Every structure is written in structure tokens, then in C-alpha cells.
Amino acid sequence: MPVPELDNLIRANQLKAEAGTQAEFDGLVKSGLARLKDVQQTSLSPESRFDLTYNAAHALSLAALRWHGYRSENRYTVFQCLIHTIKLPAAQWRILDQAHKKRNLAEYEGDIDIEASLLTALIEVAEEVAKRVSALGPVKG
């Protein structure tokens with residue numbers, strides 16, 4: 001399903017047009033939902049819960065992008081596209097932006113201090129992404 005704003009990102013070499021498949025979409029959604037289920041285990045460390053939630057949000061966001069027939073190699077771009085793929089409000093997208101920056105600090109600089117407020121907000125946004133992605137229906141490849 002072409003989206004003019006996403007087609008602009010193809011011209012800027014930030015996305016590629018590539019039909020998604022139902023199997024790929026289902027696998028990404030299954031992965032995201034499994035991680036969201038696991039994050040409910042409050043006995044896990046905040047760092048583990050953050051990692052699970054961040055990766056759940058990414059898998060679900062990528063599923064939305066693939067449903068529309070686009071691919072990106074960049075996690076940040078996948079999150080940026082949510083405003084167009086599932087109409088995620090900008091305020092919620094900004095939480096994913098903060099989480100992405102925090103993830104990069106943890107991965108590349110060893111800064112793994114996870115604030116409880118960010119974790120809570122990230123879980124809420126990931127659950128909203130899951131709800132919206134689950135409502136997309138079958139892939140129209």
C-alpha cells in the first residue's frame with residue numbers, strides 16, 4: 001500500500017520498496033508480542049525489560065513498515081515511519097526516539113542506566129504499537 005511520504009524516503013535512499021509477505025509479517029508480530037509478554041515479568045532487571053521492550057517495539061514497527069511494502073536497514077527510520085504506517089502520534093514516537101538514543105548509549109558506550117519513567121513509557125508505547133499493528137489485517141502483497 002503506497003504511502004507518498006514513504007515514497008519520498010525511497011528517493012532519499014532511506015527506504016526500499018519491497019513487497020512484504022504474510023509469513024514475514026506474522027513472524028515479526030509474533031516476535032514482538034512474545035517479547036511484550038516477557039517484559040511483564042517484573043522479576044527481570046530494568047535493563048532486561050528495556051531491551052525486551054525496545055526490541056518488541058522495533059519488531060512490531062518493522063512489521064508495520066513491511067505490511068506497507070517498504071524495508072529499511074536503519075532502526076531509527078523504522079520508528080520514524082510509524083506516523084505514516086500506523087498513524088502513531090508524535091508524542092508516542094518521541095518516546096521511541098528517546099529509547100533508541102538510550103539503547104545506543106547502552107550498546108556503544110556502556111551507559112545502561114534505565115530510568116523507571118522511560119521504561120514505563122516505552123512499555124505503554126510498545127503496547128500501543130502492538131495494538132495498531134495487530135489491526136492492520138492480512139498483507140496485501
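Note that the coordinates shown come from a computational prediction; the quantities given were computed from them, not determined experimentally.
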Do Leu6 and Ile10 share a hydrophobic cluster (ILVMFWY, side-chain heavy atoms under 4.5 Å, transitive)?
yes

Evaluation steps, side-chain contact (heavy atoms from CB on, under 4.5 Å), between Leu136 and Phe25
CA-CA 10 Å; Leu136 288 173; Phe25 177 81; 4.1 Å; yes

Would Ile83 and Leu122 show up in the same hydrophobic cluster when neighbours are defined by side-chain heavy atoms closer than 4.5 Å?
no

Quick one: does Ile123's side chain get under 4.5 Å of Gln40's, heavy atoms only?
yes

Mind checking whether Leu28 and Leu60 have side chains closer than 4.5 Å, heavy atoms only?
no

Partners meeting side chain to side chain contact (heavy atoms under 4.5 Å, CB included) with Ser45 (sequence neighbours left out)
Glu47, Ser48

Using the test salt bridge (charged side-chain N to carboxylate O under 4.0 Å, His left out), find all partners of Glu24 that sit at least two apart in sequence or belong to another chain.
Arg66, Arg71

Using a distance-only test with no angle check, is there a side-chain donor-acceptor pair under 3.5 angstrom linking Ser31 and Arg35?
yes

In Å, rounded to the nearest 0.5 Å, how long is the span from OH of Tyr54 to OG of Ser61?
9.0 Å

Mind running side-chain contact (heavy atoms from CB on, under 4.5 Å) on Leu118 and Phe50 for me, showing each step along the way?
CA-CA 9 Å; Leu118 176 59; Phe50 177 86; 4.1 Å; yes

Distance, nearest 0.5 Å, that separates CG of Asn13 from CD of Glu73
12.5 Å

Any ring-ring contact (aromatic ring centres under 6.0 Å, His included) pairs touching residues 26-47, not counting sequence neighbours?
none

Give a yes or no answer on whether the side chain of Gln22 reaches the backbone of Val139 with a donor-acceptor pair at less than 3.5 Å.
yes

Using the ring of each side chain (for Trp, its six-membered ring), is Phe79 parallel, tilted or perpendicular to His58, with breaks at 30° and 60°?
perpendicular

Starting from the C-alpha separation in whole Å, work towards a yes-or-no answer on salt bridge (Lys or Arg N to Asp or Glu O under 4.0 Å) for Glu127 and Lys131.
CA-CA 6 Å; Glu127 288 172 344; Lys131 178 178 142 188; over 6 Å; no

Contacts of Glu109 that satisfy side chain to side chain contact (heavy atoms under 4.5 Å, CB included) - sequence neighbours left out
Leu105

Which pairs, with at least one residue in residues 83-101 and sequence neighbours excluded, count as a salt bridge (charged side-chain N to carboxylate O under 4.0 Å, His left out)?
Asp97-Lys101

Is Ile95 close to Gln98 at the side-chain level, that is, under 4.5 Å between some pair of heavy atoms?
yes

Derivation of the side-chain contact (heavy atoms from CB on, under 4.5 Å) call for Glu115 and Lys102
CA-CA 10 Å; Glu115 303 88 19; Lys102 183 54 114 172; 3.6 Å; yes

Going by the rule salt bridge (charged side-chain N to carboxylate O under 4.0 Å, His left out), which residues pair with Arg103 if we only count those two or more places apart in sequence or in a different chain?
none

Kindly say whether Thr85 contributes a backbone atom to a donor-acceptor pair with the side chain of His68 at under 3.5 angstrom?
yes

d(Leu15 CG, Tyr70 OH) to nearest 0.5 Å is 8.0 Å

Should Leu52 and Ile112 be counted in the same cluster of Ile, Leu, Val, Met, Phe, Trp and Tyr side chains packed under 4.5 Å apart?
no

May I ask you to decide if Val133's main-chain N or O and Trp67's side chain share a donor-acceptor pair within less than 3.5 Å?
no

If we ignore hydrogens and angles and just use 3.5 Å, is the side chain of Arg49 paired with the main-chain N or O of Leu44 as donor and acceptor?
no

If every non-hydrogen atom of Ala126 is compared with every non-hydrogen atom of Ala57, which pair is closest and at what distance?
CB-CB, 4.1 Å

Report the distance from atom CG of Asn8 to atom NE2 of His84, rounding to the nearest 0.5 Å.
8.5 Å

Distance (rounded to the nearest 0.5 Å) between Ser72 OG and Gln14 CD:
7.5 Å

Could you tell me the separation between the CG atom of Leu33 and the OG atom of Ser134, rounded to the nearest 0.5 Å?
5.0 Å

Residues Asn55, Arg75; criterion side-chain contact (heavy atoms from CB on, under 4.5 Å); working and verdict
CA-CA 10 Å; Asn55 285 306; Arg75 287 175 171 260; 3.4 Å; yes

